[in-house]
Amino acid sequence: MASVSANFVCSRTSVRLPNQMITSKSLRLATVGWGRTPGFPRLSSSRFQISCAAKKETVDKVCEIVRKQLALPADKEITPQTTFTDLGADSLDTVEIVMGLEEEFDITVQEDNQDNISCIQEAADLIEQLVANKS
Amino acid sequence: MGASTKPRLSGMQLQVLALYRGFLRAARMKSPEERSRIEALVSQEFRRNSSQVDRKNYLYIEYLVRRGKKQLDQLKSPETVGLASLNVEASQAKTS
């Protein structure tokens, strides 16, 4: 199996390899299921979404809602890394914020996910994940 | 709870937060003006308790959580249209 995957990586860069491969018996690309589209293996895109950062407009929307819920003055700066406790929110406020986000994005956050959210970036990432799973 | 990393919430704190969440979810199902009243009342009650009740007073907290759960069940039923509270203060009787 190791030889097949190594060869696959090579084939992405240059397609002219198959001419040589047909002659040698040890490399059997025809049996690999990935051959339907020449080139990239098509992994499901949702796996990549989790590792990427959330979109800017999602983060902005989250900031808006947080501002409204905590009644922050307009000049108070919010970055994606700001934690809710930095903004003076206690755990009850955090629950309210998550509820507000649920309503805004029409998602349902599970109980065990709720406790992991401590900063704005995490909230935005979770929202993106749930929106992607929903659609 | 000023720790920069995520603070570990105790089991009791998680129960309280779950109860609070339950109230907010139930409030959504009522009419809009009732919903805002319920939310104001519940948040006021929870915050008052969080500042007044001693953290170590487990018995009282458990009692409050149990009572809250019963109230939540009542609120969830479709016949219940609202929530109200009375503040009874011990004051001098105004009898003449």
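Just the heavy atoms: all of them, side chains too, but no hydrogens, waters or symmetry mates, feed the values below. Chain letters run A, B, ... following the sequence lines, proteins first and then strands; every chain starts at 1.
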Would A:Met99 and B:Glu39 satisfy side-chain contact (heavy atoms from CB on, under 4.5 Å), going step by step from the backbone distance to the final call?
CA-CA 12 Å; A:Met99 293 263 106; B:Glu39 282 180 0; over 6 Å; no
What residues of [range] sit under 4.5 Å from chain A when you count only heavy atoms?
range	answer
residues 44-54 of chain B	B:Phe46, B:Arg47
residues 17-24 of chain B	B:Leu17, B:Ala18, B:Tyr20, B:Arg21, B:Leu24
residues 64-75 of chain B	none

Consider only side-chain heavy atoms of I, L, V, M, F, W and Y, link residues closer than 4.5 Å, and tell whether B:Met29 and A:Val98 are in one cluster.
no
If hydrophobic clusters are built by linking Ile, Leu, Val, Met, Phe, Trp and Tyr wherever their side-chain heavy atoms come under 4.5 Å apart, do B:Leu14 and B:Tyr60 end up in the same one?
yes
So for A:Asp86, is it side chain, backbone, both, or neither that comes closer than 4.5 Å to the heavy atoms of chain B?
neither
Set of residues satisfying ring-ring contact (aromatic ring centres under 6.0 Å, His included) with respect to A:Phe105, sequence neighbours excluded:
none
Does some side-chain heavy atom of A:Ser91 sit less than 4.5 Å from a side-chain heavy atom of B:Gln13?
no
